[in-house]
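What follows is one structure encoded as structure tokens, with my remarks underneath.
Below, all heavy atoms of this structure are taken into account, side chains as well, without hydrogens, waters or symmetry copies. Start at 1 and go down the list; that is how both ligands and their atoms are numbered.
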Amino acid sequence: MKKYISLFNLMVLSIFAYTQGRPNIILIVSDDHAIQTIGAYGAQFGATPNIDKLEKEGMVFNRAFETNSICAPSRAVMLTGKYSHINGHRDNLSVFNASQDNFGKQLQHIGYQTAWIGKWHLEAHPQGFDYWKVLPGQGLYYNPDFINMDGNRDTIQGYCTDIITNLATKWLDQRDANKPFCMVVGHKATHRTWMPDLQDLGAFDNQEIPIPPNFFDTYEGRIAASRQDMSISKTMRLGYDLKIMDDSLKKTRFYQSMNDAQRKTFFRYYDSLKADYEKRNPKDRELLLWKYERYMRDYLSTSLSLDRNVGRLMNYLEDKGLLDNTLVIYTSDQGFYMGEHGWFDKRFMYEESMRTPLIIRYPKMIKSGSADDMLVQNLDYAPTIVEVAGGKAPADMQGLSLLPLLRGTVKNDVWRKQLYYHYYEYPAEHSVYRHFGIRTERYKLIRFYNAQHYWELYDLKKDPNEMDNLAKNPKYQSVLKKLQSQLRKMVIKVKDDEALQILIMHNNEN
Ligand code: CA
């Protein structure tokens, strides 16, 4: 009997030791946060000092990508570690099947407390999280509603990004301190319509805003790009997007949720811009540049609160003695166009939206100030989180654990050389044709389908801005054939039957 008791005690002790040794995990997921605006990726706006600090103390991934660059599908991929065609959440128009496996459930099985706070956007109630409190859909920037676990809603006064951090630290205060935790902090910022916190209004109004080299793109050789509806010139609206509006627009829900004091300060600022706009009355090129600058300034100002709240959360961890035993991941649901190709929004497999920021801090494993250039994807977050927690990523998760990269023990020749991408949301807002493709270290091959079947091929080394579609260039036919063969193999490997059918059925269309 004594032997059994001591064995039992030993087991309890070892489980306790195992639990104590495991890191806490925080995954911060912002929305539409473009690397072109983040200092850690070379931006000069000075909008992200706290995110940049994470990079100085951790590892920045210079080649982090999405599998499907749009809000809810990206979260579904992060959560499940599976491509959209496997997790079933292909576009923003459907409801996620939350009953399937995810990293939250995996972590619950191995003794973690789990929470998802803030933007969730998957419509079905979260599963795999002991606690959750999420924005309905996109949520509001001012005085937003949150859905509670009982299905009821609270309206919380204040600015959304601050509130989400408050809810996160409140949950951390109340958690069981004897167990490790995994918390997702989902931010609404910097999603359209880029409504800054009151204290940040006008923060970038005196700053020079450079114009991207392909701002005046005319889309030669790129049919889908020529037919999109996401340009700053035609799609971006003065009222809805840039807040140059008359009183009737101020009655829409974005502004109705504000209290009188918030509305007064907010419109004191935007009405002065409106007066300036009317005085100048810009037309054509001048109007386009005026819209672009206003877009950039609103976006950057909105990102200030996001960055400040990353800092607040990090300060909280430090104050509570949690900083060095917590692995912190900063990412976005995808990148965004900041005027490249004349656009805002995302969706395309082009670099600006396929890329995403990814910075990870965990000094016990990661050398401070390090950078990684391997091809990684949001598909990798779930298996990474499970393995950081001491679990084993289920075989059906399609991503790779980033642990060897974080430890700096991977050689370039053993890591993946190609990424797969598939975008589905068409016909829909912004009119981006469906497409799938592969990105290698040097090339990108894209197959557009549904509205129009054709290929795009880019040599990223010679043409990083993706302006020159080489698919019909005679000099690139052998590269094209090789990539087409690689794409077909990839489609089979990731079990994308729909894409395989398209390759088979439309083999002769180019
Ligand atoms: Ca998004």
If the plane angle is over 60° it's perpendicular, under 30° parallel, otherwise tilted; pick one for [X] and [Y].
X	Y	value
Tyr420	His422	perpendicular
Phe336	Trp194	perpendicular
Tyr337	His341	perpendicular

Where the Ca ion (ligand 1) is the centre, what is the OD1-to-OD1 angle for Asp31 and Asp333, rounded to 10°?
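Taking the Ca ion (ligand 1) as the apex, I get 90° for this pair.
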Before moving on, can you tell me the angle at the Ca ion (ligand 1) between the SG atom of Cys71 and the OD1 atom of Asp32, to the nearest 10 degrees?
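It rounds to 120°.
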Heteroatom test (N, O or S) for Ser74 near the Ca ion (ligand 1), limit 3.0 Å:
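No, outside the cut-off.
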May I ask you to establish whether Lys250 and Phe267 are in a cation-pi arrangement, using a distance under 6.0 Å from NZ or CZ to the six-membered ring centre and at most 45° from the ring axis?
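Satisfied, under 6.0 Å and within 45°.
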